[in-house]
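Below is one structure, written out as C-alpha cells; comments come after it.
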Amino acid sequence: MENKNRLLLIDGSSIAFRAFFALYNQLDRFVAPNGLHTNAIFAFHTMLSSLMERIQPTHVLIAFDAGKTTFRTEMFAEYKGGRSKTPDEFREQLPFIKEMIEKLGIRHYELVNYEADDIIGTLDKMAEAPDVDFDVTIVTGDKDMIQLTDWNTRVEISKKGVAEFEEFTPEYLNEKMGLTPTQFIDLKALMGDSSDNYPGVTKIGEKTALKLLQEWESLDNLYANIDSLKASKMKENLVADKEMAYLSQKLATINTNAPIEIGLEDTRIQSKNISALSIFYDEMGFAQFKNKLLSDGGLSELTETTKDEIVFEVVTDSASDFSVSKDDFFYLETLGENYHREKIVAFAWGNAEKIYVSKNLSVLTEMELPENTYDFKKNRVLLHHLGRELPVSKFDAMLAKYLISTTEDNKISTIARLFDVGQVALDEEIFGKGTKLAVPDDEVLFEHLARKIRVLVNAKSKMLSELEENEQLSLLTEMELPLAEVLAKMEITGISVSNDTLEEIGNENEEKLSLLTKEIYELAGEEFNINSPKQLGVILFEKLQLPAGKKTKTGYSTAVDVLEDLAPLSPVVAKILEYRQINKVQSTYVKGLIPQIAEDGKIHTRYVQDLTQTGRLSSVDPNLQNIPVRLEEGRKIRRAFVPSKGAVLLSSDYSQIELRVLAHISGDEHLIDAFNHGADIHTSTAMRVFGIERAEDVTPNDRRNAKAVNFGVVYGISDFGLARNLGITRKSAKNYIDTYFERYPGIKKYMEDIVREARDKGFVETMSHRRRKIPDINARNFNVRGFAERTAINSPIQGSAADILKIAMINLDKALIESHSQAKLLLQVHDEIILDVPQEELGEIRKLVKKTMEDAIELAVPLKVDENAGKTWYEAK
DNA sequence: CACATCACG
DNA sequence: ACGTACGTGATGTGG
C-alpha cells in the first residue's frame with residue numbers, strides 16, 4: 001500500500017466547467033483586481049486541493065479537450081453539435097486554470113483531434129501494464145468515463161458543488177445499473193447521448209436500453225439474435241438504426257490508444273513553484289490560498305526555490321572595482337512609496353553579463369548613471385535630492401509595460417511573469433507590509449535587487465519588439481519619457497500652500513460643524529455618529545420614518561441624491577447635507593492637506609504615470625486633482641494655494657476638449673461645423689436635437705438637457721443613464737438619444753465602428769496608439785458587455801484628450817526653457833495646467849501657454865484654451 | 001480591508 | 001428581462 005503509485009486523472013475541461021457553474025451565482029464576487037472573473041479558477045483550485053488531500057496521489061494528469069474538431073467529428077459531423085456557446089466569462093478563465101496547474105507542479109495535457117477522455121483512457125491503460133503498479137482514480141463531470149472502471153480504476157463523477165462525487169467501481173456499477181463497464185458503452189450505443197448529440201436507436205431511452213442489455217448482454221449479441229425478437233415498433237427501429245447504433249457505440253468508446261506524447265512518469269507530481277504561485281494568487285485576489293501557501297512552509301521554501309543562482313557583486317565603496325555603462329539598467333529601491341520623503345535603501349545596475357548592487361550613496365553620487373531605467377521619474381527625484389541629475393532615460397521598463405498593457409500592474413515581478421524572464425520575489429515578501437515594513441538583511445536585499453536587474457535586462461528586447469509591433473515606440477520615447485521629466489520637475493517644484501489660510505478655514509469649519517452637530521442631535525432627538533451611514537440610516541428611516549429609497553449592499557443608502565429627495569420632508573436632512581459638505585472639506589482638505597505641507601511650505605504631490613486605463617495621470621499623496629471648485633464652501637480651499645514671491649498663478653484649460661476630440665475622430669460633419677463656427681456647443685446641440693431654429697430661442701433648460709446628452713455621448717450613452725441624470729423617463733431619454741443619433745450620424749457610426757473594432761481586435765486605441773484592452777466586449781452578461789462597450793467608446797476619447805495635454809505639457813516645458821522664462825509648471829488637472837508665473841512675465845507667458853496648448857495637435861476642429869490668472873488658485877479661475 | 005461617500009476632470 | 005453613465009483618490013466606519 002505504501003509503495004503503491006496512485007494516479008489521479010482529471011478531465012480538466014469538464015471539471016473546470018463544473019467549477020464555473022458551482023460558483024456561477026457568485027460570478028460578480030469572484031473578480032480579480034484586474035477585472036478577470038475568477039469563480040471557475042477558484043472553484044477548480046478548491047476541488048483540486050480537496051482531491052489531492054483525499055486521494056494523496058503520487059502522479060496526476062489533468063487532461064483538456066483540444067478543440068471542437070476531433071476524430072469523432074470526422075466520423076459524425078454533428079458530434080457535440082448544437083451546444084450553446086461556452087460563456088466568455090468561462091473561456092477567459094481557462095488559460096489561467098492551466099497556468100495555475102503548472103505552478104502547482106501538476107502536469108496538464110491536450111492533444112489535437114482527441115478529447116480529454118481519450119488522453120485519460122490511454123494513460124489509464126498504461127497504468128494497467130504488467131510492469132507497473134498503479135491505483136487509478138479518474139475524476140470527471142461526464143458519465144461516459146464510467147466505462148473505464150476496472151480492477152484498479154475508480155471513476156468519480158462530480159455531482160454537486162465542489163466536494164460531492166459519486167464513485168463508480170465495477171461492483172458499484174453492477175449494483176446500481178446492473179451493467180459491466182463494457183455494457184455501459186453499449187448502453188450509450190442504444191440510447192445515444194443528448195449532450196454529445198448522437199442519437200443511438202430511435203425511441204430507445206435508458207430504460208429500454210437497460211432491459212435489452214440485461215436480456216442480450218451486448219449490442220453484438222442483440223443484433224446477432226435480432227431475428228428472434230418478436231415483431232414490434234422497437235424491433236423495426238433497431239433494424240433501421242443498426243448503423244447508427246454501431247456508430248454511436250464507436251463514438252461512445254473511449255480511445256485507449258491515443259497517440260499521446262507523455263508517459264506515466266511525466267505525470268509524477270513536482271514541487272510547487274511557490275513564488276510564482278504566490279504572485280498568481282495575488283493577481284487573482286486569492287488571499288486565503290496565498291496565506292495557506294505561505295503558512296504551510298511556503299515562506300521558507302520560497303527563499304530556497306528562488307535561489308536559482310543569481311550572480312552579482314556588491315560594491316561597498318567608490319574605490320571598489322566595478323564597471324558601469326550608460327547601456328546598463330539602473331534600479332533604485334526605497335522602502336515606502338513616497339519618494340519625496342523616502343531615503344534610498346539600495347540600488348543596482350548591470351547588464352546581461354554583470355550585475356552590481358550597492359547601498360553606499362557616495363558610489364551613487366560618483367558613478368556614471370545608466371540610461372535604462374525602471375520608474376525614471378522616481379529615480380530623477382531621488383537623485384535630485386542627492387544633488388545629481390539622472391540623464392534622460394532612453395528606456396523606462398515601467399512605462400513600457402504600462403503602454404503594452406494596462407490590464408495588470410507594472411511591477412517588476414509582473415514583468416518577469418508576463419515576459420517570462422526569470423524569478424523575483426514580491427516586494428511584500430522581502431520588505432513586509434503595513435507596520436511590518438522593514439529593510440531585510442543585506443544578503444536578502446541585494447539578491448532581490450540583482451534579480452530585478454536581471455529581469456529588466458532580459459525583458460527589454462521583448463518589450464521593445466512588442467512596442468514596435470503595436471506602433472507604440474514613439475509613444476514611449478516621445479511622449480511618456482519626456483513627460484516623466486516634466487512631471488519630475490513639477491513634483492520637485494511643488495506648490496506653495498498657506499498653512500495659515502487652511503487653519504483659518506479650519507477654525508470656521510469647526511464652529512459651523514459643532515453648531516450643526518448640535519442642531520442635528522436636537523432634530524433627531526438623540527446623539528449619534530453623523531459620519532456613520534449605518535447610524536444615520538437608522539435615525540432617518542427607522543426613528544423618523546422617512547421613506548427609504550435606494551438601498552446599498554449593507555443597508556439604507558444615505559447618498560446625496562437620496563437625501564436631496566428627502567430634504568422637504570424633514571428639516572434634519574438639510575442640516576445633514578450641510579454637515580456632510582463642510583465635514584468633507586474639513587477632513588479631506590483642511591486636516592488632510594495641512595500635514596502634507598513640507599518644510600519648504602509646499603505640497604509635492606506625485607503624479608502616477610502608469611495607472612489609469614485611459615492614459616490620464618493620477619495624483620496622490622495628496623491628490624491635487626480633486627481640490628474643491630464646484631461649491632463655494634469647498635472652493636475657498638483654493639485660497640490656500642499661492643504663487644511664489646512676485647508671481648501669480650496662471651490656470652489654462654482646454655474648453656470642451658473631449659467633445660472636440662470626438663468631433664475629430666468621428667468626423668461627424670455637424671459637430672465639426674459647430675466647433676469651426678465657434679458655437680456654444682451645448683446650445684448648438686440643443687438646436688439640432690430639439691429642432692430649435694434660432695440660438696436665442698434655446699432656453700436654459702434646453703441647454704442643460706443638451707449638455708447632459710453631450711456628456712452622455714462621451715461616456716457611451718444609454719437611455720437609463722441619461723434618464724437618471726436628467727430625472728426624466730427612460731422613454732424620453734431614449735427619444736433624445738435617437739434624435740441625437742439621427743442628427744449626428746457620424747457619432748452614431750463612430751460608436752458602432754469602435755465597438756466592432758474592440759470586438760475584432762480585443763482593444764481600442766487613442767490617436768497616439770495608446771491601447772486599452774477590452775476583454776469583456778463579447779461577454780454574454782448584459783451588464784458586463786454593456787460596460788465594456790461604453791469603455792470602448794469612451795477610452796479613445798478620454799485617452800486622446802489625455803495624450804493632447806501630455807503633448808502640450810512637453811512642448812510648453814521646452815518653450816519655457818527656450819524663452820529663458822522663470823515661469824514654472826506646477827499642476828495638471830486632466831484638461832488644465834497651472835503655472836507659477838512671475839508678475840512681469842504674465843503677459844507674454846499667457847500667450848505662450850495658450851498658443852502651445854492650442855497648437856499641441858492639429859485636429860479637424862480648433863482647440864480652444866481659456867485662462868485666468870490670480871494671486872491664489874481661487875482667483876485664477 | 002471592504003464599503004459608502006464625495007471631491008475632481 | 002437584465003439595471004449603468006467614463007476616469008480617478010481620500011476619508012471614516014465597522015466587521
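All chains are named by letter (A, B, ...) in the order of the sequence lines, taking the proteins before the strands, and each is independently numbered beginning at 1.
- Remark: A:Phe763 pairs with no residue by the ring-ring contact (aromatic ring centres under 6.0 Å, His included) rule, at least two apart or across chains.
- Near DNA chain B, meaning a heavy atom under 4.0 Å away, the residues from residues 609-625 of chain A are A:Arg616, A:Gln625.
- A:Val829 comes within contact range of the sugar-phosphate backbone alone, with a heavy-atom separation under 4.0 Å but no base atom that close.
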side-chain hydrogen bond (donor to acceptor under 3.5 Å, both in side chains) between A:Ser405 and A:Lys773, worked out:
CA-CA 7 Å; A:Ser405 167; A:Lys773 294 183 186 167; 3.3 Å; yes
Evaluate A:Glu342 against A:Lys378 for salt bridge (charged side-chain N to carboxylate O under 4.0 Å, His left out), listing each step before the verdict.
CA-CA 11 Å; A:Glu342 295 289 333; A:Lys378 167 180 174 173; over 6 Å; no
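- Contact annotation for A:Val608: no contact, since no heavy-atom pair falls under 4.0 Å across all strands.
- The same atom, P, is picked in C:dA5 and in B:dC6; the two are 15 Å apart, to the nearest Å.
- Separating the CG atom in A:Leu540 from the CD1 atom in A:Ile576 is a distance of 4.5 Å, to the nearest 0.5 Å.
- In the region residues 782-792 of chain A, proximity to DNA chain B at under 4.0 angstrom, judged on heavy atoms, holds for none of the residues.
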How far apart are the C-alpha atoms of A:Glu480 and A:Tyr402, what are their side-chain angles, what is the distance that settles it, and do they pass the side-chain hydrogen bond (donor to acceptor under 3.5 Å, both in side chains) test?
CA-CA 10 Å; A:Glu480 298 300 343; A:Tyr402 172 60; over 6 Å; no
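- Applying the 6.0 Å contact sphere to NZ of A:Lys748 captures no more than 12 heavy atoms from other residues, nucleotides or ligands.
- Counting only N and O atoms by type, the side chains of A:Ser795 and A:Gln613 include no donor and acceptor under 3.5 Å apart.
- Counting heavy atoms from C-beta outward, A:Val849 and A:Val865 have side chains that stay 4.5 Å or more apart.
- A:Arg730 comes within contact range of at least one nucleobase, with a heavy-atom separation under 4.0 Å.
- The residue A:Val560 sits close only to the backbone: its heavy atoms come under 4.0 Å of sugar-phosphate atoms, none of a base.
- A:Asp831 comes within 4.0 angstrom of sugar-phosphate atoms only, judged by non-hydrogen atoms across all strands, and of no base.
- When DNA chain B is scanned in the 5' to 3' direction for atoms under 4.0 Å from non-hydrogen atoms of chain A, the outermost contacting nucleotides are B:dC3 to B:dG9.
- Note on residues 550-564 of chain A: pairs passing salt bridge (charged side-chain N to carboxylate O under 4.0 Å, His left out), not counting sequence neighbours, are A:Lys550-A:Asp561.
- Counting non-hydrogen atoms under 4.0 angstrom, A:Arg630 reaches a base of the nucleic acid.
- Under the ring-ring contact (aromatic ring centres under 6.0 Å, His included) criterion, A:Phe641 pairs with A:Trp873, sequence neighbours left out.
- Side-chain contact annotation: A:Tyr556 with A:Glu542, donor-acceptor N/O pair under 3.5 Å present.
- Secondary-structure stems of DNA chain C, taken as three or more successive Watson-Crick or G-U wobble pairs (i with j, i+1 with j-1) under a 3.5 Å distance threshold, comprise B:1-9 with C:6-14.
- Under the ring-ring contact (aromatic ring centres under 6.0 Å, His included) criterion, A:His340 pairs with A:His604, sequence neighbours left out.
- Comparing B:dC3 with C:dT4, their P atoms sit 16 Å apart, to the nearest whole Å.
- Across all strands shown, A:Gly592 has heavy atoms under 4.0 Å from sugar-phosphate atoms exclusively, and none from any base.
- Under the 3.5 Å distance criterion, the side-chain polar atoms of A:Arg660 are matched with a main-chain donor or acceptor of A:Pro862.
- In this structure, the side chain to side chain contact (heavy atoms under 4.5 Å, CB included) partners of A:Asp719, at least two apart in sequence or on a different chain, are A:Arg730, A:Ala733, A:Lys734, A:Ile737.
- Contacts of A:Phe741 classified as ring-ring contact (aromatic ring centres under 6.0 Å, His included), with partners at least two apart in sequence or in another chain: none.
- Residue contacts shown for A:Thr558 are limited to sugar-phosphate atoms, with no base heavy atom under 4.0 Å away.
- A:Gln535 comes within 4.0 angstrom of sugar-phosphate atoms only, judged by non-hydrogen atoms across all strands, and of no base.
- By the 4.0 Å N-to-carboxylate-O rule, A:Lys512 lies close enough to A:Glu633 to be salt-bridged with it.
- Looking at heavy-atom distances under 4.0 Å, A:Asn529 makes contact with sugar-phosphate atoms alone, never a base.
- Backbone-only contact: A:Lys553 has heavy atoms under 4.0 Å from sugar-phosphate atoms and none from a base.
- For A:Phe289 and A:Phe280, the distance between ring centers is not under 6.0 angstrom.
- Screening A:Ile530, A:Leu563, A:Val560 for a side-chain contact (heavy atoms from CB on, under 4.5 Å) involving A:Arg580 leaves a single residue, A:Leu563.
- Along DNA chain C, the stretch of nucleotides lying under 4.0 Å from any heavy atom of chain A spans, 5' to 3', C:dC2 to C:dG15.
- In this structure, the side chains of A:Lys864 and A:Gln656 stay at 4.5 Å or more apart for every pair of heavy atoms.
- Contacts between residues 798-808 of chain A and DNA chain C, defined by a heavy-atom separation below 4.0 Å, involve A:Gln798, listed by number.
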